[in-house]
Every structure is written in C-alpha cells, then in structure tokens.
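In what follows, a single structure is set out as structure tokens and then discussed.
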Amino acid sequence: MINYEENWLITLLLHSQGSVAGRSVLFAGPAAAVALLLLIIEDYAPEFRESIGIDDVSESQTWTAVTVVVMALLAFRTRQALARFWEGTGLLHMMRGEWYDSVSCLLSFSRSARESKPEEVAKFRHTLVRLMSLCHGSALQEIKGSAASDIVTINVSGLDTGTLDLLRECKDKYHFNRVEVLLHLLQTLVTTGHDQGLLKIPSPILSRVYQTLSRGFVNLLNAKKITDTRFPFPYAQLIAMLLFLHMVLTPMMITVVIRTKFFAALITFVVIFGMFGVNFIASELENPFGSDQNDLPLAHFQNEMNNSLLMLLNPKTDHVATTAKKCVMQFEDLNEERFNKIHRTQSGMLKSVNRNNLTQDILVSPRDDDDLLPCSNSCSRDEALTATAAIAQDDVTSKGLAVPSSSVAVAAIPQAPPPPVPPATEPVAAVPMSAAPAVITSPTEAALPAMLLAATLAPESPAATPVATTEPI
C-alpha cells in the first residue's frame with residue numbers, strides 16, 4: 001500500500017507509483033487522436049462525415065445509452081471493489097486481534113507456575129510464540145499467494161525437529177492446510193500445558209482461549225473468501241465491451257458539438273481517461289491481498305504481529321502494577337483533585353479567550369457579552385464583571401506584566417460611586433490607547449476594559465507592579 005499526503009495536490013499528480021494513469025492513457029490517447037483526425041479530414045473533405053454516416057450516429061441516442069450503461073456498471077463495480085477492500089483489511093485486523101489475545105491470555109495464565117516450574121513455563125511460552133508467529137505468517141501467505149516471500153516469522157528453527165518435520169510433511173506430502181495444522185498444534189500445546197499444571201486456571205476460563213483461536217480462523221476464512229471469489233466474469237466482459245464501444249463513439253459525438261481541434265481532442269481524452277481509470281482502479285481493489293502496489297501491506301501486518309508477540313516474551317511482561325506510597329486513597333480527595341484539574345483547565349481556557357477575543361468585544365459593546373462572563377447565569381452583572389476582571393488581574397500578576405504609563409490601567413476595582421460628569425463647557429480628558437465604552441453603568445464596568453487591556457497589550461517585564469491611575473473617565 002502507498003502512503004501519501006494530500007497537503008499539496010501537485011505531489012499526487014506527479015506520483016507515478018501505483019497510478020493507473022499510464023494504462024488509461026493507452027486508451028484515451030488513441031480516442032483523442034481519432035477526434036483530431038476527424039476534424040482535420042472535415043477541413044479537406046466536408047462531405048466525408050455525411051458519406052460514412054457519422055452525422056446519423058451523432059444525432060441518435062446511441063452514445064447517451066452507452067454512456068449511461070457504462071457509468072452504472074462502473075459505479076456498481078467500484079462500490080463492490082471498495083467494500084471488498086475494506087472488508088479485507090478489517091478481517092485481517094480482527095484475525096490478528098483474536099490470535100494475539102489468545103497468546104496474551106495464555107502467558108498470563110502461566111504466570112502462577114513460574115516459581116515452581118520456571119523451565120517448563122519458559123519452554124511453553126517460547127513454543128507458543130513461535131507457533132503463533134508461524135501460524136499468522138502462514139495465514140497471510142495463504143491469502144496472498146505464492147509471491148509471499150517477504151513474510152518473516154520469529155525463529156521457526158527454534159522449534160524441535162519433530163514439529164518441523166511434521167509441518168514439512170503435511171505440506172509437501174499430504175498437501176494439508178498449514179494454518180489448520182498449526183492451529184491444532186496450538187490447541188494441543190494448550191491442553192498439554194493445562195494437564196501439566198502450567199496453566200493454573202479453571203477450565204471454563206481456559207475455554208475462552210479456544211474460542212478466540214476459533215474466531216481468528218473464521219476471520220481468515222472470510223478473508224480467503226475474497227481471494228477465492230472474483231468479480232463475476234459476465235460483468236467484467238460487458239464492461240470491457242461497452243468501454244471499447246464508448247471509446248469509438250465519443251470522438252464522433254465530441255467533434256459534432258465542439259469544432260475546435262484542441263478542445264475536441266482534450267475533452268475526448270478526459271472522458272475516455274476517466275472511464276478506463278475508474279475501471280482499472282476497481283479491478284485492483286477487488287483483490288486487496290495481491291502483490292500490486294495498491295494492495296494491503298501484508299508484510300507490515302506480519303511485522304506488527306511479531307512485535308506484539310516479542311513484547312510478551314519480555315522479562316518485565318509479568319510485572320504486576322500497583323500503587324505508589326503517595327497514592328491518594330480517599331474518594332473525596334480523588335474527586336476534589338479531579339475537579340481542581342478541570343477548574344484549572346477551564347480557567348486557562350477562559351484566560352486565553354480574555355486575552356485574545358474578549359477585550360475587543362467588551363470595548364465595542366460591553367452589554368452584549370453577558371454569556372462570555374463567569375457566572376453570568378447565576379449572579380448579577382457587576383459580580384460577573386468583577387470575576388472577569390479578577391481573572392485578568394491574576395493573569396497580569398502570574399506573568400509579571402508591567403502596564404506602561406501611557407496605558408489605562410487600574411490596580412483595583414473601585415467600589416465608590418463614579419465621579420460626576422463634568423459640565424459640557426469643560427474639556428474632558430482623552431482616554432489613551434482606545435476609545436472608552438459608549439455607556440458605563442457601574443464602576444466595575446468602567447474598570448474592566450482597562451484591566452483586560454493590561455492583560456493583553458502590556459509588554460512583559462520581570463517583577464513589575466501594575467500602576468494605578470487617577471485620571472478621571
């Protein structure tokens with residue numbers, strides 16, 4: 001399978017590996033050449049088209065009928081091919097999950113016997129991992145075919161000579177299915193381990209291992225069904241016949257509608273290229289287990305299974321997790337810690353919103369932001385504004401931000417009523433940095449824009465203290 005990125009479409013256009021463009025051009029190119037040739041001949045022999053009956057074909061509904069049938073058949077084939085492709089990869093992942101779960105459970109069940117029978121348990125585990133790696137690799141090789149030489153297993157030579165001879169004889173002499181033989185060897189190994197006391201687990205629980213082994217094999221058979229059952233031949237033959245007929249009729253129709261040589265050849269090329277390209281893509285996706293570049297990476301699946309199995313052989317795999325000495329055991333403390341983390345996260349998000357967005361919104365219309373303020377649904381407006389200003393003040397203090405003297409800044413929210421508005425004849429002091437709110441209804445509202453400006457616009461300065469101003473608003 002090809003890994004690609006769609007950040008830049010030009011990279012997809014220039015990527016030739018796994019593309020069907022080359023094969024599509026082999027059919028679209030001649031069709032475009034025929035369209036160009038018809039227009040050139042018409043320039044020298046205007047009666048040529050009428051003499052051979054091209055105009056009669058163009059005026060009929062033949063091309064439309066062929067196009068509709070071809071598009072319906074291609075849509076049907078593409079839908080079936082994509083469904084087979086996704087079903088194939090899903091079945092392989094389920095097979096791997098079932099078989100890995102079986103091995104993991106068996107290694108966990110054998111943990112109790114490590115102290116009394118360490119050597120027997122080690123042999124049981126290594127034999128189990130090697131047999132499962134070989135079983136998974138044989139399954140992938142079976143559905144891929146004879147070209148599966150890149151499937152790697154875990155140290156098959158580490159198995160005993162009797163087992164290797166049995167596997168070789170079953171395949172070469174009797175032509176048995178190797179996966180079925182390996183599954184039987186796995187079940188025999190599990191049963192023997194239980195009889196020898198290596199698996200100290202009740203039989204009803206151990207039976208779950210046999211069930212997962214069986215479900216993995218059923219997934220393999222469903223995946224093999226895709227390999228053994230091809231797209232029906234009559235459909236494929238009919239699609240091929242109609243595509244060739246469409247390739248002949250399209251230049252005739254295009255040259256009747258479009259008289260420009262370049263555009264007639266271009267449009268003919270695009271139509272035929274698209275039709276054949278979709279058909280080639282569907283034919284590749286119908287069997288996702290082959291050796292084409294667009295097929296599933298079976299070797300990668302095997303490597304992932306080998307890594308998972310080797311992880312189970314790690315000496316630290318049997319480590320039993322427990323709690324630390326400083327672990328909190330009380331439910332109320334755990335619940336309080338969880339809420340504190342949520343509160344800190346939400347506070348950080350709210351501060352970010354205040355620094356980036358809320359300042360400008362409040363400066364424009366302070367009365368329209370009740371839904372953005374803390375506790376706006378459960379307290380008065382002044383309390384909500386006070387809470388928001390307190391968050392901004394905490395942000396200023398925590399980051400050590402200094403408010404320049406040219407900015408409007410407030411160190412604390414005034415509690416006294418606002419000063420009287422000066423008479424109209426007296427000049428009013430200008431507010432630096434930005435225009436004041438259109439309407440100020442409370443001292444808290446008057447201080448809020450300045451506090452938010454101090455949190456967003458002031459430069460960073462170490463150990464700086466906000467400067468209070470006494471300039472009247």
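Count residues from 1 along the sequence.
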Q. Is there a donor-acceptor contact under 3.5 Å from the side chain of S283 to the main chain of F280?
A. yes
Q) side-chain hydrogen bond (donor to acceptor under 3.5 Å, both in side chains) with K117: which residues, sequence neighbours excluded? A) none
Q) Take atom CZ in R23; do more than 12 heavy atoms of anything else shown fall under 6.0 Å from it? A) yes
Q) Does T250 use its side chain to pair, donor to acceptor, with the backbone of M247 at less than 3.5 Å? A) no
Q) For V121, does its backbone N or O pair with a side-chain atom of R114 as donor and acceptor, under 3.5 Å? A) no
Q) Counting distance only, does the side-chain N/O of T345 pair as donor-acceptor with the main-chain N or O of K341 below 3.5 Å? A) yes
Q) Side chain of S133, backbone of I154: donor and acceptor closer than 3.5 Å? A) yes
Q: Mark yes or no for whether D160, through its side chain, and T163, through its backbone, hold a donor-acceptor pair below 3.5 Å.
A: yes
Q) With the threshold set at 4.0 Å, does a side-chain nitrogen-carboxylate oxygen contact exist between E142 and K224? A) yes
Q: Evaluate the ring planes of F231 and F76, with Trp represented by its six-membered ring, and classify them as parallel (under 30°), tilted (30 to 60°) or perpendicular (over 60°).
A: tilted
**Q.** Lys/Arg-Asp/Glu bridge criterion (N-O < 4.0 Å) met for D101, R208
**A.** yes
Q | Heavy atoms of other groups near M311 CE, more than 12 under 6.0 Å | A | yes
Q) Backbone N or O of P204 within a donor-acceptor pair of the S207 side chain at under 3.5 Å? A) yes
Q.
Between H300 and E304, is the side chain to side chain donor-acceptor pair (under 3.5 Å) condition met? List the steps.
A. CA-CA 6 Å; H300 175 69; E304 288 185 340; 2.8 Å; yes
Q: Verify, without hydrogens or angle tests, whether R130 (side chain) and N155 (backbone) share a donor-acceptor contact under 3.5 angstrom.
A: yes
